[in-house]
Each structure stands twice: as structure tokens, then as C-alpha cells.
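When reading the values below, keep in mind they use all heavy atoms of this one structure, side chains included, and skip hydrogens, waters and symmetry mates.
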Amino acid sequence: MAVQPWFTDAKLGIFVHWGIYAVDGVQESWSFYDDIVPHEQYMSQLERFTGARYDPRAWADLFARAGAKYAVLTTRHHDGVALWDTEHGDLGLGKDYVGPYAEALREKDLKVGLYYSHSDWNHPDYASTRKPGRPPEQEDNRYSEVAAEDEDLAAWERFLAYRDGQVRELASRYRPDLLWFDGEWERSEEQWRIPELAALVRSYVPDVVFNARMLGEGDYATPEQGAPIEPPDGPWELCLTINDSWGYQHHDHNHKSLAQLIRYFTETIGGGGNLLLDVGPMEDGTIPQPQVERLEGLGEWIGKHSEAVYGTRRGLPAGHHYGPSTLSADGRTLYLVLFDAPRAEIGLRGLVTPVSKVTVLGTGTELGHRKVGGLHDAVGIVWIDPPAAADLDPYATVLKVELDGESELYRGSGRF
């Protein structure tokens with residue numbers, strides 16, 4: 001999959017789940033789909049949504065301070081409620097929240113991402129067909145599908161025309177740098193008419209980036225919530241909540257600590273991916289303070305270690321260093337991340353290229369190093385002196401390892 005260069009160097013994006021579900025603090029869309037909240041009660045939030053303190057410039061300023069290079073806003077979730085003044089469909093907020101968001105991001109030189117769900121569980125023509133091959137004994141959800149004998153292909157065509165109209169509005173009005181599609185699992189690529197949809201968007205934004213949920217047209221993989229043990233090949237992005245919820249939920253105070261978020265971030269970029277970290281603004285448009293504090297803390301850490309973040313690529317495979325790492329674009333500098341205070345020397349295994357210098361990033365303190373052992377092709381271990389307490393970062397310390405040439409690794413098993 002090919003992807004625009006800005007995306008692979010972005011490293012951090014901010015996901016924004018904001019919609020009527022923030023009024024009562026219920027799960028976005030799924031709460032009525034799964035009959036947790038009565039549909040009428042869920043939709044009553046539409047009249048109670050105010051956005052009274054919506055300040056997209058404050059959002060953009062916070063995202064920039066966090067070190068993010070792009071953001072993705074939920075323009076329409078599976079509930080079908082649009083955050084812009086759409087001319088297609090009956091569910092809108094009577095106001096354009098997307099335009100000011102896009103303008104504010106661009107003022108901060110951030111790339112504009114828009115989330116759009118393929119599915120719409122409120123549209124009268126959506127539950128008119130079902131995915132091919134779906135077992136007939138599986139129970140139908142009335143919001144998303146019908147039994148095979150009740151399919152109405154004319155209604156499905158009407159739905160696609162509605163979908164195309166909304167996507168055309170988003171592409172033509174806001175010219176997004178990235179379109180983040182969701183809901184793809186409910187239909188096939190053919191049913192969604194993915195190639196035609198991609199061509200529509202590219203007719204307005206030729207260089208747009210698609211996530212992999214744009215089936216067959218995606219530019220990058222999108223693991224969700226679970227950090228991959230084996231990073232995907234090619235470009236990818238981990239989307240992750242700060243607490244346990246995408247949108248704002250009053251009861252959810254289970255926020256990940258800043259230390260945990262820095263681990264997620266460094267492990268993700270060390271594996272060649274971006275972290276898309278989610279915030280869930282309250283219904284008035286303000287981002288909860290615990291999320292603000294964590295974004296600011298992450299931004300402080302990134303600012304101190306930016307050399308190991310931006311302009312880097314996937315680091316060492318597992319086994320060479322006990323922790324994440326990144327590699328400079330020219331392959332001549334390794335950045336090793338240490339989460340804990342070293343109790344002894346730090347071992348760097350399988351590095352063929354000689355090391356010329358090791359320093360602590362952020363303080364500049366030089367550390368002693370030496371290579372020990374090795375036989376024939378199996379190179380020895382580079383042992384690096386542990387940093388002093390004064391050089392340790394409270395969350396994650398980064399060692400800058402300068403090489404005498406481009407990084408070369410030994411991946412063999414040694415002599416038998």
C-alpha cells in the first residue's frame with residue numbers, strides 16, 4: 001500500500017469522537033443498536049446537543065502542543081447524525097462544525113482528517129440488504145440488515161446515492177488530507193461500490209489518504225485498541241482511547257496514565273506506525289481536563305525527544321534491544337528507549353555497524369560503550385554504560401546511538 005509521505009512521518013494523530021452521544025454520555029451508536037438505550041431516548045439527544053463552548057482553535061492548539069501532526073473528527077458515526085450542514089438525509093445539527101475544525105487545524109499546519117461511517121443505522125434505506133455469505137441462521141439486527149428474502153435492491157441504491165452525496169460534500173467542501181472510513185464489516189466491497197467511492201473522493205482530493213477500512217483502496221492498516229505484538233508490514237496506525245470510551249461518558253474515569261501512553265506511543269512508532277490517540281469532548285465541545293493533561297504531558301515528552309520521533313523510521317526488531325527503538329531516515333543513528341532505570345549496562349545485540357558515540361537525548365551526556373564477544377558472522381554485544389540518575393527521564397529515557405555507517409544487523413543463529 002502506498003501512502004503520502006506526510007502520514008508516515010506524522011507519528012501522532014488525535015482522534016475526536018464527538019456527537020450527540022455526549023449529551024447523555026452513552027456509547028456512540030452502539031447503545032441503541034444493542035438495545036442498551038431505547039432508540040427514542042438516544043435520538044432525543046439530538047435536540048439537547050448544544051456545542052455551546054465549541055472552540056476548534058483551542059482544539060487545534062492543544063493537538064499541536066501534544067506533538068500531533070493530524071487529527072480525525074467523526075463527521076458522521078453509525079447513528080447517521082452529521083456534524084456539518086448536509087443537504088442529504090434528515091439527521092443534522094443545523095450547523096457546520098466541520099468547516100471551522102478544518103480551518104483551525106490548517107492554521108496550525110495540521111493535516112485534516114475526517115471520519116465517516118459507511119453504515120447508517122438510522123437511514124430508512126440502509127437495512128435493505130445483507131452481506132453476501134452471511135449465514136441465514138444468524139439473527140438480523142433491525143437497524144442494519146434484513147433477511148435475504150426481504151432484500152430491496154432499489155432501496156439500497158437510494159442509500160448509496162445518499163452516501164455518495166454526503167461524501168461528495170465532505171470532499172468538495174473541506175478537501176480532507178485523510179478520510180477515515182468505518183463500518184465496512186457490514187457489507188462487501190462490491191456492495192459498497194468502493195472503487196467508485198474512491199474515485200469520487202479523488203476527483204476532489206487526488207492525494208487523499210484512506211485507511212484500510214476503505215476496502216481494497218486503503219493506504220494503511222488500522223489496528224484498534226490492542227497494540228500489535230507483531231507490527232503490520234507497511235504503514236499502519238494504532239487507534240487508542242485515553243480511557244475506555246471513544247466518546248464522552250460521564251462514568252468512565254479509567255484513564256491511562258501518562259507513562260502508559262508514552263509506552264504505547266514509543267512502541268507504536270518503534271514498530272513503524274502512528275498513534276491515533278482519541279479524545280471524547282463533552283457535548284458543549286470542551287475536552288475533559290484529564291485528557292487535556294495527558295495530551296500536554298505527551299507533548300512535553302515528545303518535545304524533549306523530538307529527534308527520536310520525527311524523521312525516523314521503524315526501529316530494531318525484537319531481540320536486539322529490550323524496549324522500543326527508532327532509526328534515523330539515513331539509517332546512521334539508533335534511538336533506544338528505556339522505560340526503567342537500568343540496574344546494569346544496556347546490551348545492544350546483533351549490530352554489525354560499529355558504534356561511534358552514545359549520548360542521552362535531552363541532556364547530551366555521553367555514555368561509555370564497548371563491544372564484547374562474537375564469532376565469525378555472529379557479532380558481539382555492544383554494552384552501554386547506564387545513565388546516571390540525573391540523566392533519566394521520569395517516563396522514558398532515550399539513548400542516541402551514532403553509527404559509523406548505515407545500520408546493519410546480524411539476524412542469524414550463530415555457529416552450530
Side-chain angles (χ1 to χ4, degrees), residues 1-15 67-72 110-118 176-185 188-190 192 194-195 197-199 201-202 205-241 263-278 302 308-321 323-337 350 406-409 411:
M1 293 185 290
V3 72
Q4 293 295 312
W6 72 260
F7 179 83
T8 51
D9 195 42
K11 309 304 180 186
L12 179 66
I14 306 298
F15 216 170
K69 300 300 182 183
Y70 66 108
V72 179
L110 302 178
K111 298 293 185 182
V112 174
L114 304 179
Y115 166 111
Y116 184 87
S117 174
H118 290 292
D177 301 288
L178 183 152
L179 266 172
W180 210 103
F181 284 93
D182 198 9
E184 81 297 339
W185 68 88
S188 69
E189 179 180 340
E190 183 179 7
W192 290 128
I194 294 293
L197 182 62
V201 175
R202 291 186 178 121
V205 197
D207 294 331
V208 69
V209 174
F210 291 131
N211 68 332
R213 301 177 193 190
M214 188 67 158
L215 301 172
E217 296 284 344
D219 297 303
Y220 67 92
T222 53
E224 181 174 335
Q225 291 288 51
I229 303 301
E230 187 71 29
D233 293 329
W236 61 281
E237 170 194 77
L238 170 65
C239 50
L240 181 78
T241 53
R263 287 193 180 218
Y264 275 109
F265 177 66
T266 54
E267 288 171 355
T268 298
I269 66 172
N274 291 349
L275 178 63
L276 185 63
L277 189 59
D278 179 74
I302 292 174
V309 176
Y310 308 116
T312 64
R313 50 190 169 99
R314 190 180 300 237
L316 300 170
H320 291 276
H321 163 62
S325 62
T326 58
L327 184 64
S328 63
D330 64 5
R332 298 176 66 93
T333 307
L334 275 168
Y335 300 94
L336 309 180
V337 180
E406 189 169 349
S407 174
E408 182 185 350
L409 299 178
R411 301 283 290 164

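- Considering only heavy atoms from C-beta on, L409 comes within 4.5 Å of H320 through its side chain.
- The line from OG1 of T8 to CG of N274 is 7.5 Å long, rounded to the nearest 0.5 Å.
- At least one side-chain heavy atom of L12 sits under 4.5 Å from a side-chain heavy atom of F265.
- Side chains of P235 and D219 form no contact here, defined as non-hydrogen atoms less than 4.5 Å apart.
- Nearest heavy atoms, G183 versus W192: O-CZ2, 3.5 Å.
- Looking at residues two or more places apart in sequence or on another chain, you find a salt bridge (Lys or Arg N to Asp or Glu O under 4.0 Å) between E224 and R213.
- Among residues two or more places apart in sequence or in another chain, the side chain to side chain contact (heavy atoms under 4.5 Å, CB included) test is passed with E190 by S188.
- Under the rule for a ring pair (Phe, Tyr, Trp, His ring centres under 6.0 Å), the partners of F181 that lie at least two apart in sequence or sit in another chain are H118.
- With sequence neighbours excluded, no residue forms a salt bridge (Lys or Arg N to Asp or Glu O under 4.0 Å) with E267.
- Under the side chain to side chain contact (heavy atoms under 4.5 Å, CB included) criterion, A329 pairs with no residue, sequence neighbours left out.
- A donor-acceptor pair under 3.5 Å is formed between the side chain of W236 and the backbone N or O of G271.
- Here L277 contributes atom CG and Y264 contributes atom OH; the two are 10.5 Å apart, rounded to the nearest 0.5 Å.
- Under the side chain to side chain donor-acceptor pair (under 3.5 Å) criterion, no residue pair touches residues 310-319, with sequence neighbours excluded.
- Under the side-chain hydrogen bond (donor to acceptor under 3.5 Å, both in side chains) criterion, D330 pairs with S328, not counting sequence neighbours.
- The side-chain hydrogen bond (donor to acceptor under 3.5 Å, both in side chains) search around E217 returns R202, not counting sequence neighbours.
- Residues L178 and W6 are in side-chain contact: their nearest non-hydrogen atoms beyond the backbone lie under 4.5 Å apart.
- In terms of the ring pair (Phe, Tyr, Trp, His ring centres under 6.0 Å) criterion, residue partners of W185 (sequence neighbours excluded) are, by chain and number, W30, H78.
- The two residues I14 and A68 have their closest heavy-atom pair at CG1-CB, 3.7 Å.
- The closest donor-acceptor contact from the side chain of T268 to the backbone of G273 lies at 3.5 Å or more, if one exists at all.
- Closest heavy-atom contact between S325 and H321: CB-CD2, 4.4 Å.
- Closest non-hydrogen pair, S407 versus L327, comes out as CB-CD1, 4.0 Å.
- Residues V3 and V209 meet the side-chain proximity criterion, which asks for heavy atoms closer than 4.5 Å.
- The line from CG of D177 to CG of L114 is 9.0 Å long, rounded to the nearest 0.5 Å.
- Partner of L275 under the side chain to side chain contact (heavy atoms under 4.5 Å, CB included) criterion, out of I269, L240, T266: L240 alone.
- Residue E237 holds its CD atom at 4.5 Å from CZ of F7, rounded to the nearest 0.5 Å.
- Every residue meeting the side-chain hydrogen bond (donor to acceptor under 3.5 Å, both in side chains) condition with Y115, not counting sequence neighbours, appears here in chain and number order: H77, D182.
- The distance from atom CG of D278 to atom CD of Q225, rounded to the nearest 0.5 Å, is 8.0 Å.
- Note that CG of L316 is 6.5 Å distant from CG of L336, once rounded to the nearest 0.5 Å.
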